[in-house]
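Just the heavy atoms: all of them, side chains too, but no hydrogens, waters or symmetry mates, feed the values below.
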Amino acid sequence: MDLEVKGIAASPTSQAQPFSGRKKLLQQGQTSKSWAIQNPRLPVVPPLDLQSLIDSDEEDDFSHIPLSTAHIHFNPPNSSSAVSCITPCQVSRTQLNENEPCVQGEEAIIDTLTTLDRKALLQQGYAEIPYNAQRSTRRSDAEIVAAERKKQTVAEQVMTDHLSRAVISDPEQNLTTAREDGARVFPDSRIAPLRFRKRTLHETKIRTHSTLTENMLSHKVQFDGRIISRNGRDACRELIGFFFIHDQSLTIYEYRQFGKNRTNVLPFIQKNIYSHQCGRRKGKQYQLGDFYVGGNLTFLSSDHPRLPESIKENKLLILRITNIDQIALYSLKTDSVEHEDDITSQEANDRLVLEAVQDVLKEQLLKRGVRILTGLGKYLKQLDKEGTGLLDKAAVKRALQEFHLQVSEDALESAWQVLEGDAGGKADYGEFTRAVIGEMNEYRKSFVRKAFMKLDFNKTGCVPLTDIRKCYCAKKHPQVISGHSTEEEIKLSFLETLKGACSKSDEVSYGEFEDYYEGLSIGIVNDEDFVNIVRTPWGI
């Protein structure tokens with residue numbers, strides 16, 4: 001833990017030589033004071049107060065200092081100094097409201113923290129737990145093996161479906177036999193030769209134009225996906241997709257496991273050729289370049305009647321690619337001759353617009369992200385009286401002002417033009433929030449989903465607070481280990497901050513659970529630190 005006393009940082013030299021070192025520091029302080037008097041425009045360095053320096057074995061133990069007065073750095077140990085020293089005044093003010101005063105330094109940020117902010121920041125203590133490389137390796141290896149087994153099961157099912165069922169049900173099979181049947185008519189169809197009868201279940205010898213072969217289906221790229229949804233059941237579905245090069249078609253399957261031994265693999269999006277349904281590429285057919293980690297695939301819910309009712313409530317089904325077979329993707333891109341279009345530069349400009357807003361808001365959310373993001377989610381939902389998930393620009397602007405998130409009019413207008421869809425002046429406020437504030441990367445989100453899926457064992461999409469209280473374990477929190485806090489105190493601090501995200505007093509939805517960790521993620525640079533924060537209390 002870094003320590004500052006009266007504005008002067010304690011150095012290793014002063015700790016190793018307590019008397020000579022402090023005398024030297026005192027002389028430096030007096031010299032600085034006299035020099036500053038001669039230069040009144042320069043900041044004055046306050047003199048060192050020797051009364052605050054105590055020679056004792058507890059000189060370095062400041063854990064007893066109240067949280068409201070201790071100068072604590074919550075940045076993860078692996079984060080770079082260039083990132084950890086960022087202050088709001090280092091950000092360009094062009095996107096900020098010029099009438100908003102600039103907050104000076106990290107200490108000013110800490111002074112603005114509320115009690116809930118401080119309790120939320122306690123969760124970052126889990127990042128300080130020593131890294132157990134051996135245990136983490138064993139766990140990762142087991143997860144990799146399980147994931148590969150799932151993918152292999154789905155791939156086998158896809159090959160089975162499209163090499164047998166698709167051919168059997170091909171309408172062209174019957175058209176071929178009908179043409180041949182017209183050349184020679186038999187009095188009784190039951191005694192007609194096999195080649196002149198209608199096709200039955202196992203009679204698939206006639207080759208049609210759409211007949212697939214194993215070689216054709218092998219030229220594909222496989223990817224994992226998730227549904228962008230606030231509904232826990234839908235957001236946690238395990239989806240595995242395939243994009244086939246021979247006809248630019250794609251299909252998506254859902255992997256479902258019942259108990260330990262029973263699994264089920266079912267088509268989620270039928271194999272077909274699809275196009276983008278929103279954004280700059282709306283109406284353009286999916287190509288190989290659209291498949292990358294973080295990319296979105298959009299579908300019209302009305303085109304897929306077999307989708308769950310909770311998904312069909314929304315006009316669009318948005319899938320996020322979370323993982324992809326990089327080896328196959330690289331190989332296929334090497335052989336591909338896709339040409340770039342003008343949309344690529346437009347999308348690059350859109351990203352620059354959104355990143356500029358994100359940079360401004362990220363500094364305003366630093367250390368206060370949990371309270372603001374959870375509250376913002378509830379507030380926007382309350383403004384959405386019709387429950388459509390859409391709001392106009394005035395409502396979104398009012399929400400940002402309510403939570404003191406300052407964005408200039410020009411920046412807000414530019415972001416709105418990028419995100420506004422075909423909803424008559426309205427936009428999806430969930431998508432807008434994700435775009436202007438930013439998101440956790442897919443690696444972090446995968447662990448948040450794992451934690452929620454462990455809690456939501458009934459797959460309802462909501463978890464009672466009583467279950468969360470039972471499952472949350474604070475034994476390994478550094479303050480519990482050191483004896484400065486009890487398990488109950490750490491648990492209560494977590495529950496109190498989590499309740500701020502809940503629209504109901506007795507349960508937490510997946511969206512609210514994700515908002516909590518989304519806000520916590522803003523102040524954590526290193527991915528493994530964040531993963532440790534999620535894994536440790538939930539035992540995943």
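A donor-acceptor pair is defined here as one N or O able to donate and one able to accept, closer than 3.5 Å; such a pair exists between the side chain of Lys454 and the backbone of Trp538. Side-chain atoms of Arg371 never come within 3.5 Å of backbone atoms of Thr114 as a donor-acceptor pair (strictly under, hydrogens ignored).
Ser310 is linked by a side-chain hydrogen bond (donor to acceptor under 3.5 Å, both in side chains) to Asp234, counting only residues two or more places apart in sequence or in another chain. Among residues two or more places apart in sequence or in another chain, the side-chain hydrogen bond (donor to acceptor under 3.5 Å, both in side chains) test is passed with Ser509 by Glu512.
In this structure, a donor-acceptor pair under 3.5 Å is absent between the side chains of Asn349 and Ser345.
With salt bridges taken as basic N to acidic carboxylate O contacts below 4.0 Å, one links Asp515 and Arg230. Classification of Glu347 and Arg280 as a salt-bridged pair fails, no side-chain N sitting under 4.0 Å from a carboxylate O. Between Arg444 and Asp527 there is a salt bridge, since a side-chain N of the basic residue sits under 4.0 Å from a carboxylate O of the acidic one. Checked for salt-bridge contact, Glu439 and Lys445 meet the test: a charged N lies under 4.0 Å from a carboxylate O.
The number of heavy atoms from other shown groups lying within 6.0 Å of NZ (Lys378) is above 12. Within 6.0 Å of NZ in Lys381 there are 12 or fewer heavy atoms belonging to other residues, nucleotides or ligands. Summarising the local packing, CG of Leu352 is surrounded by more than 12 heavy atoms from other residues, nucleotides or ligands at distances under 6.0 Å.
Aromatic ring orientation, Phe494 versus Tyr516: perpendicular (interplanar angle above 60°, classes split at 30° and 60°).
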- Item | Evaluation steps, ring-ring contact (aromatic ring centres under 6.0 Å, His included), between Phe243 and Phe223 | CA-CA 8 Å; Phe243 180 74; Phe223 59 91; 8.3 Å; no
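Counting only heavy atoms from C-beta outward, the side chains of Ile227 and Leu319 approach each other to under 4.5 Å.
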